[in-house]
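Per chain, numbering begins at 1; letters A, B, ... match sequence-line order. Every heavy atom of this structure was used, including side-chain atoms; hydrogens, water molecules and symmetry mates were not.
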Amino acid sequence: ARLLHGSIFAKVIEGLRELVNEATWECSGNGITLQAMDSSHVALVSLVMRSEGFESYRCDRNMSLGISLVSMSKVLKTMGKDDSLTIRVNDDSDSIIIAMESQNQDKFADYELRLMDLDSEHLGIPDTDYSCAIKMPSSEFSRICRDMSIMGDSVLICTTKEGVKFSAKGDLGQGSIRLVQTTNIEKEEEAVIIEMKEAVALTFAVRYLSMFCKAAPLSPQVGLSLSEDTPLMCEFKIAEMGHVRFYLAPKIED
Amino acid sequence: MNRQLGISTFFLTL
């Protein structure tokens, strides 16, 4: 699999590696997918990178590759920001080859990472017709998570037709941030757009939301989908090739 | 206090 902009892959890895340290990458003719839960099985991440999004892609037979995201992240940190990236696995090999090429083709780096033997537990993610779908700038969402984490470890997300409200309370006291739906949309990327079938009010652990925001460099917008008694879906699109979707189970009043 | 649910409460293991 070859990417002209290797930085896209680095952003994917940086977006996943705090939530999951290692994961099984499923490679097929259609592209690469990954599904993994965090260690406490509270959150799940689903990655899709379609083959047509790569500059070139070939997969002669389906492979499940156990990869340490922490090690992959260390290797990708050596990549130049404009480097192209090629990832290769030979048929009977127990390692993955990561090749980086500088833009003016004068520097070639090759790394080989040992593959891991991981037992991949796969969950079925049901198609959900969410009560509420919010689109907002990913930087804004990152900022809200950071600000709310000052006040408490849980954030209540309430949606109404006017907008969406994030609130947190703890020993210090409490705080809330309300975003109003954008009316005159000049730039889609900066808009807050709320499609609401019915109002929802759900509580989530803010430290997971903050971990999801590590994937924000992938996309200027984030999609948040909510329904009562349903995991939140937090989606960052990967331009022209797929998405990273995080799911987080809600917290409930005892 | 609110209690954190597990993701497998909602998504079934295949």
Side-chain angles (χ1 to χ4, degrees), chain A residues 19-20 24 26 33 35-46 119-128 130 152-157 167-171 201-209 211-212 225-234 245-254, chain B:
Chain A
L19 191 72
V20 289
T24 300
E26 305 290 350
T33 60
Q35 190 199 89
M37 283 185 280
D38 72 296
S39 52
S40 51
H41 288 199
V42 162
L44 179 126
V45 60
S46 170
D119 55 339
S120 59
E121 185 188 0
H122 215 78
L123 295 190
I125 303 173
D127 279 338
T128 306
Y130 289 97
D153 57 8
S154 300
V155 63
L156 170 65
I157 305 180
S167 39
K169 62 179 184 293
D171 309 345
L202 289 154
T203 301
F204 298 99
V206 69
R207 77 184 196 87
Y208 285 97
L209 299 180
M211 278 194 270
F212 298 171
S225 299
L226 302 115
S227 285
E228 286 300 333
D229 304 323
T230 307
L232 162 82
M233 181 178 78
C234 172
R245 282 183 182 154
F246 296 103
Y247 296 87
L248 176 58
K251 298 179 93 168
I252 54 168
E253 291 300 319
D254 253 344
Chain B
M1 259 320 261
N2 40 37
R3 183 163 53 93
Q4 175 65 61
L5 295 172
I7 195 77
S8 21
T9 316
F10 303 91
F11 296 164
L12 303 180
T13 310
L14 294 182

Could you tell me whether a side-chain N or O of A:Q35 sits under 3.5 Å from a main-chain N or O of A:G124, the two making a donor and an acceptor?
no

Heavy-atom distance under 4.5 Å to chain B: side chain of A:E121, backbone, both or neither?
side chain

Go through A:T230 and B:F10 one step at a time and tell me if the side-chain contact (heavy atoms from CB on, under 4.5 Å) criterion holds.
CA-CA 7 Å; A:T230 307; B:F10 303 91; 5.5 Å; no

Among B:L12, B:T9, B:N2, who wins on heavy-atom pairs under 4.5 Å with chain A?
B:N2

Would you sort out whether A:L232 and A:L202 count as a side-chain contact (heavy atoms from CB on, under 4.5 Å), showing the intermediate values?
CA-CA 9 Å; A:L232 162 82; A:L202 289 154; over 6 Å; no

Considering only heavy atoms and a distance below 4.5 Å, find which of A:K251, A:M37, A:H122, A:H41 pairs most often with chain B.
A:K251

In terms of side-chain heavy atoms, does A:S40 have a donor or acceptor partner in A:Y208 at a distance below 3.5 Å?
yes

